[in-house]
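Written out below as structure tokens is the structure these notes cover.
Computed from a predicted structure; not experimentally measured. Just so it is clear, the values below take in all heavy atoms, side chains as well, and ignore hydrogens, waters and symmetry mates. The chains referred to below are lettered A, B, ... by the order of the sequence lines, with proteins before strands, and numbering in each begins at 1.
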There are 2 protein chains.
Amino acid sequence: MRISTKGQYALQMMLDLAVNDNGEYITIKSIAKRQNLSEKYLEQIINMLSRAKYVKSTRGAKGGYRLTNSPDFYTVGMILRTIEGSLAPLSCIEDENECNQVERCLLCELWSEINDAINGVIDHVTLADLVRRYQDSVGYDYII
Amino acid sequence: MRISTKGQYALQMMLDLAVNDNGEYITIKSIAKRQNLSEKYLEQIINMLSRAKYVKSTRGAKGGYRLTNSPDFYTVGMILRTIEGSLAPLSCIEDENECNQVERCLLCELWSEINDAINGVIDHVTLADLVRRYQDSVGYDYII
DNA sequence: AATTTTTCCTATTGACATACTAGGAAAAAG
DNA sequence: CTTTTTCCTAGTATGTCAATAGGAAAAATT
């Protein structure tokens, strides 16, 4: 039941882009430095976010990334699912064919309840919420 | 974010033991047949439950397994954690050393909220609840 | 006493996922 | 034309998952 580092880093980058937005494009290099993460690995991850049109990019000098939309557009769920695929605890929740007896399967009911609980959090919290928490706590030396 | 087959099968076995309890020991063989699962694999899993004292066993002919306690003793969380370890979405939730800045880490707050949501379900639903759901729906040909 | 049935224990395997690293092509700016 | 940056693909080490396999120990039956 773990969220992968890719998922974590994706959120971390999106939050970094939101917090450090100054109208210019932000390089992977600077994000990697701030967050103390592998540049090459972050590249791969942000490419997935780029293909999902969650960030826009330009190449070359003065290039980098920016959020496509404002932070309140993105829920945590949108970002995590782009990277991790479904976050359902079992495939029978999302795939019709997996458990071909879902409607009369006791445990599928339980997995579904867990799934709803997770979604209740991640589809409710937005990037803007996280930014706000960050801003509210800057004086207290919060980190991402 | 998947629950492993071990976790699923563990719950399935515990529920099978609860539902089919008739005062005698129940063999792995019969559980495997009813649930259509690998006998040898279930053996390994139930051994973990046995070591946790969630089931008691006797060897030899007429041997098998029984629940140690009544079904309302066991929460789904107890059973799953015995098999899967912690169900926290990130290790920083349970290990002190993982993120050494938890108290000022924004994302750790988020992981913690997800963790609480999951626990809210699994620590609330008991094996007895599942048995009840099963009994209530026997006429409708429910499966485990 | 021998046989059968069952749990107990450990080792092995194949497939897949995870978390990266590496190298180079393409494009934009100066 | 040089530098900076994104874009794209391949490789790799490590670990986890989902089993399978084989046999020892114990309890009941014959």
To the nearest angstrom, the CE-P distance between A:M48 and D:dC8 comes to 13 Å
A:T126 meets the side chain to side chain donor-acceptor pair (under 3.5 Å) criterion, sequence neighbours left out, with A:D129
Those residues at least two apart in sequence (or on a different chain) that pass salt bridge (Lys or Arg N to Asp or Glu O under 4.0 Å) with B:D21 are B:R66
In short, salt bridge (charged side-chain N to carboxylate O under 4.0 Å, His left out) pairs touching residues 22-32 of chain A with sequence neighbours left out are none
Those residues at least two apart in sequence (or on a different chain) that pass salt bridge (Lys or Arg N to Asp or Glu O under 4.0 Å) with A:D72 are none
Under a 4.0 Å heavy-atom cutoff, the residues of residues 49-58 of chain A touching DNA chain D are A:S57, A:T58
Counted 5' to 3', the first and last nucleotides of DNA chain C within 4.0 Å (strictly under) of a heavy-atom of chain A are C:dA19 to C:dA29
- Message: So B:I28, base contact, sugar-phosphate only, or nothing? Heavy-atom distance under 4.0 Å.
- Response: sugar-phosphate
Taken in chain and number order and not counting sequence neighbours, the residues that satisfy salt bridge (Lys or Arg N to Asp or Glu O under 4.0 Å) with B:E84 are none
Whether each nucleotide of nucleotides 12-22 of chain D has a protein heavy atom under 4.0 Å at its base (B), only at its sugar-phosphate (S) or at neither (-) is summarised, 5' to 3', as ------BBB-B
Checking all strands, does B:Y25 fall into the base, sugar-phosphate, or nothing category for heavy-atom contacts under 4.0 angstrom? nothing
For residues 38-50 of chain A, the side chain to side chain donor-acceptor pair (under 3.5 Å) pairs (sequence neighbours left out) are A:T5-A:Y41
With sequence neighbours left out, the residues meeting salt bridge (Lys or Arg N to Asp or Glu O under 4.0 Å) with A:R59 are none
Taking for B:R59 and for A:T27 the nucleotide of DNA chain D with the nearest heavy atom, the one nearer the 5' end belongs to A:T27
Sorted by chain and number, sequence neighbours left out, side-chain contact (heavy atoms from CB on, under 4.5 Å) with A:T58 holds for A:Y25
| field | Short side-chain to backbone donor-acceptor contact, B:S112 and B:C108, under 3.5 Å | value | no
Residue pairs passing the side chain to side chain donor-acceptor pair (under 3.5 Å) test with at least one member in residues 115-124 of chain A, sequence neighbours excluded, are A:R81-A:N119, A:R81-A:D123
